[in-house]
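To keep things clear, I will list the structure first and then write my remarks on it.
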Amino acid sequence: MRDRARLLVLDDVDALAREAASEFRRLAASAVASRGRFAVALAGGSTPRRLYALLSDPSAPFQEEVPWNDVHFFWSDERCVPPDDPRSNYRMAREEMLDRVPVAPENVHRIEADRPDAAGAAADYERELRRVLAVPESEIPRLDLALLGMGADGHTASLFPGSEALEIRDRLVAAPWVETLRARRVTLTLPIFDRAAAVVFLVAGTDKAQTLRAVWDPSAPPGAFPCQRVRPIDGELIWLVDRPAASLLEPR
Ligand code: 6PG
């Protein structure tokens, strides 16, 4: 992992959110300047909440600097719940950010994971990704940024240890059953993450320290954890972690 990624340790979750917001702003400006749009897949869970709130905070230096009209929002994964369910990643991003910034509704691409046919929703989402990012079936769409978290078991998005979804190479979106959660999820798959221009992991909290040490252990078998399997082919890979999560890492 070490040879492919940039790891930054930030003092606390607020410092992590500020660093992540700076990266978001930098990558957005670069993408809009060169491609006229910024396509970002948002991470779910709780860690990104502060980042989304900071980006949309009018008193912070980011809101007026992000080209919101040119941003297309996707999600890295979604729970199979209605969009107004407290567990919804879409709802969290809407509450913390999307309802407070001038983003065009047609540029918010929700995963319809609440549909009874989750596999159909996954296939439709893949079509949406290809349509918006304007690539044919034969190519993999290139996200400008994929935001990801890491679970204490090393999962990322909804790619969990042992999941068959980790082996998918011919589909960009899947709807795996997650036994540990006793629930189905809809998730982007490794090919689209590996095609991204930038992947930024956001990891915070002491509960992640043991896993982060294992993930960054150079002697560990590569790919033991799903998060290690995200390897952008020609893109940036940045890990932003807070000091508690980094507390067991070897000094760098
Ligand atoms: C989800 C996320 C998931 C999350 C990790 C970390 O839908 O839950 O996509 O992969 O990023 O579980 O979650 P926390 O940020 O809450 O620790």
Side-chain angles (χ1 to χ4, degrees), residues 10 12-17 19-21 24 40-55 73-97 109-114 118 121-122 125 143 145-163 165-166 172-190 192-193 196 199-215 225-230 237-247:
L10 292 309
D12 53 33
V13 285
D14 289 327
L16 189 154
E19 183 66 27
F24 187 100
V40 53
L42 298 177
S46 56
T47 305
R49 192 179 280 272
R50 285 175 192 264
L51 164 61
Y52 302 159
L54 187 61
L55 284 170
F73 287 99
F74 296 93
W75 274 260
S76 295
D77 71 327
E78 187 54 278
R79 292 85 180 275
C80 292
V81 296
D84 58 355
D85 187 292
R87 295 164 292 174
S88 163
N89 291 334
Y90 166 83
R91 171 176 158 170
M92 187 272 277
R94 184 161 280 295
E95 282 178 343
E96 296 297 343
M97 177 169 60
H109 308 281
R110 182 178 77 86
I111 300 176
E112 296 176 345
D114 50 318
Y125 204 63
L143 289 166
L145 170 61
L147 288 171
L148 289 171
M150 185 194 79
D153 61 358
H155 81 262
T156 191
S158 286
L159 299 170
F160 285 77
S163 170
L166 283 164
L172 307 178
V173 191
W177 175 258
V178 182
E179 188 55 33
T180 49
L181 300 176
R182 303 288 301 148
R184 190 167 298 283
R185 292 280 187 93
V186 177
T187 184
L188 299 192
T189 56
L190 290 174
I192 192 163
F193 290 137
V199 174
V200 175
F201 278 90
L202 309 173
V203 184
T206 46
D207 62 316
K208 306 290 176 70
Q210 279 202 316
T211 305
L212 202 64
R213 177 174 57 181
V215 164
F225 300 97
C227 61
Q228 290 175 311
R229 301 275 302 270
V230 174
L237 178 56
I238 302 167
W239 283 69
L240 303 180
V241 305
D242 74 352
R243 206 161 292 288
S247 57

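Predicted, not measured: the structure shown is a model, and the values here were computed from it. Numbering of ligands and ligand atoms starts at 1, following listing order.
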Short N-O contact, Arg185 and Asp77, less than 4.0 angstrom: yes
Between CG on residue Asp85 and CZ on residue Arg91, distance to nearest 0.5 Å: 7.5 Å
Residues Leu16, Val203; criterion side-chain contact (heavy atoms from CB on, under 4.5 Å); working and verdict: CA-CA 9 Å; Leu16 189 154; Val203 184; 5.9 Å; no
Rounded distance (nearest 0.5 Å) linking atom CH2 of Trp177 with atom CZ of Arg184: 7.0 Å
Residues in the immediate environment of ligand 1 (any heavy atom closer than 4.0 angstrom): Gly44, Gly45, Ser46, Thr47, Asp77, Arg79, Asn89, Gly149, Met150, Gly151, His155, Thr156, Ala157, Arg185, Lys208
Intermediate values then yes/no, side-chain contact (heavy atoms from CB on, under 4.5 Å), Asn89 and Arg79: CA-CA 7 Å; Asn89 291 334; Arg79 292 85 180 275; 3.3 Å; yes
Carboxylate-amine/guanidinium contact Asp14 Arg50, below 4.0 Å: yes
